[in-house]
Structure formats: structure tokens, C-alpha cells
Amino acid sequence: MTNPLLEQFQSWIKQLETDPDASFSTQLAQWQQWISKFYSEADSLAPQHGHLVQQLTCYSGELVELLANLTRNQARGAPVEELVERLRSELHQFNVKHTLEQATLPHQFLDLLFTQKQANFALSHEQLEQLKQSLNLLTHPRVAQLKEFIEAMLDWNRASTNLSDELDRVSNNAIEEYRQRATDSLAQDELLNLWVECYDQSYADAFNSSELQTAQAGLVNTLARLKLSWQALVDQFAEQLGLPSRSQVDKLIEEFDQQRRRIRKLELELQALKAAQDSV
Amino acid sequence: MKSFTAQLSDRQKLLSKALETLSTLEPVLPDSLEGETILSIDSMHLRYYAPQKPTSKAPLLICYALVNRPYILDLEPSRSLIRDLLATGQPIYLIDWGYPASTDRHIGLDDYITDYLHSAVEAVKAHSKQTQCDLLGVCQGGVFSLCYAQLEPQNIRRLITLVTPVDTEVKNFTLSQMIRQVDIATLVRAQGNISGEMLNQLYASLKPLALGLHKQLNLAQNLRNPDQARTFLRMEHWLNDSPDLTGRGAVEFAQQFFQQNGLMNGSLEIGGQKIDLSELKQPILNAFGSSDHLVPPASSKGLKSLVTTCESYNELELKGGHIGAFISSRTRGELVKAITDFLK
């Protein structure tokens, strides 16, 4: 181990060992400084794996924060709800995040959709009202595609809220289970593991009933329709500008597939002829 | 309970170890055997792996799933089902489905089974100079293998299914439950192919905390020393190396297999032909993981009630999950022995 930064870090750890009375808050503050140093110097620390160093330091920092919160709560006799709340916000809509990112919405709509606090993707009341008002103005047939797009966005928002509600139910059931099983004798790591187990079990159990299945599928289905209506809108612009549209590209791919099949059929016929010739 | 200071110190040491590992670690890629390519059609390639010593064993064709890459069967020398089978003298052929391009979106299940898989079987027969081969299907590849063995029974001597879903309506089959109400045709119209990234997200969401946040929080544990880190990074590389699923393939598999439970109720059709597994005559070995969260054992076990006229039917329950069942050192020996005995 020759990296000077890492050497300094290890000396710091040794120093802490010789000074068991170092205050918790001082230690935590110093730890956070180290985390931020590792993050900014990730590439020089591990030239082949800089991204992993960043990932590692980020989550190590997160975990220590998490455990620190839990300890503070325990020290003042508070229940573990704060830890649970923290975890809930971390995982909130975890399984829909990437699906939402797949939407590739136009930039002008991104602000409208993703300016919520924390990880809540649902539209605010004001944003919903803006969209609904704009629908009333879009009466001309020429803007029918735009109207359809906004309607699809409202449907998607409803589906997103439904799924969010179902995931809250999953969390609540997990909390109930966690409360029954968490005891004071468990270490912080064990408490975290228990929460993971309770949540994932509650989530899997919820999928055995139709509510979560419907909510999850509702989000995916409305997202697909949102994307289709966006594509239709872009097609309309493309046509006006004389650019190839998505539907034209689709048609080309279909023709390409037909050619591929024709060639494959010929290849197979040729193979059969060769085989017949060889057997003569 | 350990004090917070003591736990913080443990975390700091763990991070220090992980950083030390990463600072000296070379770039890590899967350490798989090359194999000889004996057939290529579109993006599909058929690879041949010669056994370590000459043998009279029947050739074994391995049909992997369309999703994820088949090198998980040979991730590294110490975790390789393929190398362990080769060491027993088993000649192996492996189908690599490749990475479908956006222009492949109209490739469907009939193309995969009646053209690509069938051509692979014919190529194996020609290359090995045998009239039949044995077929091992993994996960979705097991579904393809079951269909193929029923459509072309004369070509398949013995059949092995590994972590293969059959009954999609069993309890706790979260993946199937997630797909059940999805309008997959509309999704594919919007997306073209289903992206590998989206599929990865789907798998991770089956256990959202354990496979998401918790895995990240425990990253340092997996990087404690170079050997452990190499295996972990190879595994991560494989997990993130997901090919797209062709649009038509996705629609047909989701609708016919998952939503209609087509293997169980006999409604599955490939190339216009009904798949009726009660017609399967070949001996079957059905292996599955006892704690598989992706394909629950009950789903794999559904096969037993269907293959009523096959020559023999045996089940092998391996202690592990969907991947651990066949790559962990704990279960691989058991699996290799069962396969070797079954293929005698």
C-alpha cells in the first residue's frame, strides 16, 4: 500500500484506537472529511476503479450517517422510527425510478415532473392544475396530439400516485413486523439487516395480492402510453419539418426484417440442396 | 451491543481495506474460456468446448436464456460449471444469443426455437458426428429446450432443465406477478426492444432493498481482499451486461408463457405448433434452487405434472438461489455429479 492518502487515513484510524475518549461528534466530522477527500481524489487513489471508490465512499458515508442517527435516537430513548423513515425515503419508489427515467420526456417537461422534494415523482397540486387548465385551451384539431400527450401525462401521474400509496402500505406492514422483531440486544448492523428482510418480505407478500400488481402494471402501462403519445407528437413535428419520423423508421425496420427472413430462407434452401448433393 | 464508536471503527477499517484493494487491483473482466465458434446466424453464435481428454460421451448442448449472458456458466476458473463438466470428459456446445440490435425487434420465439436452436442442434450433430445430442436449458433457455424437445424429439437424447420456470401461477413468483397485468404489446410499441437496463431494474426490484440500497451499503464487505473483489466485480460485470430483449420475443414470452401460463395449460404455440409437454418421451433431470427468488422452486416443480409419459423424471433441489444453485462451490459438485450420472 503506497498511496499517501490511504496511509494518512490508516494512521488516523490507529490514532483513534489509541485515543478511545475521542468525542463521537469530532470523530464523525473527521470521518466525513475523509469521505469527501476520497470522493474527490478517487481516480488518483485507484486509477482503474475510480468510479467504485466514489460509490464506496458515498455509501460508506451514508451508512455511517444512518448508524449515527440510530445511535442518537437510541441515546435519547427514541424509538427506531427515524431510521425507518430515513430508509423509507431512500427506497421510496425505488423500483419505479429507472422506469420513469426510461420515459425520455422532452426537456421542457422535465422541470415540471422532477422538481419535487426528495424522491417523490408525483406532480404537485399547482402543476396538475396548470396541466388541466391547458387541456381546456387545447380545443383545435391541430393540437389534438398535444392534448393526448397531456392527458397521458395526467394518467401516468395518477398511476404513479397509486403505486406510491401501495408502496407506503408495504412500508407500513414492514414497520409493524420490524417493531415486533427488533430488540435492544441487536447491534445496529443487525437492525439494518432486519429492516431489509422485513421490507423485502412485505414487498414480496404484497405482490401475492392484486393491488400491488395492478398499481405496478398501471405505472408501466401509462408510461408506455405516455411515450407513444410523445412519439406521435414528435412524428407530427418531423413531418412538418421534412425529417424522417419514428413511424417511418419503424416501417424501414419491418422491411429490413422481411429481407432478413428472405435471405435466411434462401440460406436454408441452399443448405438443403448441398446436403442432398452430398448424399448422392 | 458494541458501542457506536467501536462500530464506526469497524466501518473505517473495512473502508480502508476496500480502498487498499481497489488501489492495487487491475481492471477485472470475466475469465472465461474462448471456445471455438462453429456456427453463426445473425447475432447467435454456437461455441464448442473440447473436453480435457478424448471421450465417447454424447455431446451436450447448453441453451442459455435470452436475458443476461451465458458466461455466468464459466465466470472464472474456480466458478465454472462448464470447466467442471469438461473435466469429466463431457464435450460441450454453448449457444450465445448475442446482443440483438434495434433492427432485430421482429425476431420471435419461433425464430429462436425452430430456426436458431434447431440449427444449433443440427450443427452439434454434424460437428460431433452423432445422430442426437443431450440438451441442457438454463432458466428461459429451459423453456426453449422443453419446447424444442417436444417439437423435434428425434434430435434430443436426454433433457436437463436448470432453474427453469414452468408454472407461472404459483405463489411468491414475484417476477410473474409483476408482468401479469402489464400491457406488454403497448410497451414494446413504445420501446421497440425491451432494454437490458430495464430488465436489470426489473430483476433488482424483486428484492428492492437487499439488491439495491443494502447491497450498496455493504459494498466494502465485498472488496476486502483482491480475490474476493475480483469475483465480486466479475459478477457485477455479468449482472450489468444484459442484452436487450427483442420486442416480438418479449411480447410472445410475456403473453404466452407468463400471462397465459402456456406450458401448464397447453396453450403455448411455437411456429404455429402447440406445445404439449405430455408428449415428451426423453428422460428428464429437473434441477432448481431451493431459495431461488427469481424462479421459485414450486414453478420449476410444475414440470412433474406435465411430463407424464417421459422415460424417467428426476428432480434435484440445490441449496441456493437462481445463480448460486449452479455457480457456488457448495452446490456445483452436486450438480455436476447429477448431470454426469444422468447423461451416462
Side-chain angles (χ1 to χ4, degrees), chain A residues 1 3 6 9-10 13 16-17 20 24 27-28 31 38 45-46 48-49 52-53 55-57 59-60 62-64 67-68 71 87 90-91 94-95 98-99 102 184-189 192 196 199-200 203-204 207-208 213-214 216-217 220-221 224-225 227-228 231 253-254 256-257 260 264, chain B residues 1-2 4-5 7-9 11-16 18-20 22-27 41-42 102-107 115 171-172 174 177-183 186-187 189-192 195 197-198 200-201 204-210 212-214 216-220 223 233 293:
Chain A
M1 200 274 297
N3 189 287
L6 208 47
F9 180 57
Q10 295 194 332
I13 294 175
L16 283 180
E17 277 173 355
F24 162 71
Q27 202 183 133
L28 193 61
W31 164 264
F38 288 136
L45 188 62
Q48 309 289 352
H49 303 282
L52 266 175
V53 171
Q55 207 177 331
L56 186 62
T57 48
Y59 281 104
S60 289
E62 284 278 305
L63 183 62
V64 170
L67 296 179
T71 304
L87 284 164
E90 290 280 351
L91 64 90
F94 169 84
N95 59 337
H98 281 254
T99 316
Q102 296 281 336
D184 287 344
S185 61
L186 292 175
Q188 282 94 335
D189 274 1
L192 180 64
V196 170
Y199 183 84
D200 280 356
Y203 180 77
F207 264 108
N208 281 321
Q213 286 178 28
T214 308
Q216 171 96 5
V220 178
N221 294 342
R225 287 196 284 274
K227 191 159 183 174
L228 279 176
Q231 283 166 0
I253 289 176
E254 215 172 307
F256 178 86
D257 182 65
R260 191 188 60 79
R264 182 74 190 127
Chain B
M1 195 204 296
K2 266 188 180 177
F4 175 71
T5 315
Q7 291 192 50
L8 182 59
S9 166
R11 285 279 148 200
Q12 285 155 354
K13 283 177 192 161
L14 205 55
L15 178 67
S16 167
L19 291 174
E20 196 176 327
L22 289 176
S23 68
T24 54
L25 201 66
E26 71 286 357
I41 311 169
D42 300 330
S102 58
T103 48
D104 291 332
R105 78 166 74 143
H106 297 288
I107 293 178
D115 186 3
K171 209 178 163 202
N172 297 324
T174 311
Q177 290 159 343
M178 278 183 172
I179 295 170
R180 205 163 284 167
Q181 297 184 43
V182 170
D183 180 356
T186 303
L187 182 65
R189 263 202 306 134
Q191 299 280 126
S195 72
E197 194 190 348
M198 198 181 222
N200 275 347
Q201 184 58 28
S205 72
L206 295 175
K207 277 184 161 187
L209 276 197
L213 187 65
H214 198 234
Q216 298 289 358
L217 291 177
N218 285 330
L219 186 58
L223 301 169
L233 293 176
H293 74 281

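In what follows, chains carry the letters A, B, and so on, assigned in the order in which the sequence lines appear, proteins first and then strands, with residues in each chain numbered from 1.
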| Residue among B:H293, B:K13, B:R105, B:K171 with most heavy-atom pairs under 4.5 Å to chain A | B:R105
| chain B: which of A:D257, A:I253, A:T214, A:N208 shares the most heavy-atom pairs with it under 4.5 Å? | A:N208
| message | Could you work out, with salt bridge (Lys or Arg N to Asp or Glu O under 4.0 Å) as the rule, every residue matching B:D183, not counting sequence neighbours? | response | none
| query | What option among A:Q231, A:E254, A:Q213, A:R225 has the most heavy-atom pairs under 4.5 Å with chain B? | reply | A:Q213
| request: Would you confirm whether A:D200, through its side chain, and B:A210, through its main-chain N or O, come within 3.5 Å as a donor-acceptor pair? | output: yes
| field | Parallel, tilted or perpendicular: rings of A:F207 and A:Y203 (30°, 60°) | value | perpendicular
| task | Identify which part of B:N200 has an atom lying under 4.5 Å from any heavy atom of chain A, answering side chain, backbone, both or neither. | result | neither
| field | Rounded distance (nearest 0.5 Å) linking atom CE of B:M178 with atom OG of B:S205 | value | 3.5 Å
| query | For B:R180, is it the side chain, the backbone, both or neither that has a heavy atom under 4.5 Å from a heavy atom of chain A? | reply | side chain
| Which of A:V196, A:T57, A:L45 touches chain B most, by non-hydrogen pairs under 4.5 Å | A:V196
| query | Checking B:L14 against chain A: side chain, backbone, both or neither under 4.5 Å from a heavy atom? | reply | neither
| said: Any non-hydrogen side-chain atom of B:L187 less than 4.5 Å from a side-chain atom of A:N221? | reply: no
| query | Picking from B:N218, B:I179, B:T174, which has the most non-hydrogen pairs under 4.5 angstrom with chain A? | reply | B:T174
| field | Residue part contacting chain B, namely of A:I13, when any heavy atom lies under 4.5 Å | value | side chain
| message | Side chains of B:Q216 and A:Q55 only: does a donor on one sit below 3.5 Å from an acceptor on the other? | response | yes
| query | Parallel under 30°, tilted from 30 to 60°, perpendicular over 60°: which one fits the rings of A:F38 and A:F9? | reply | perpendicular
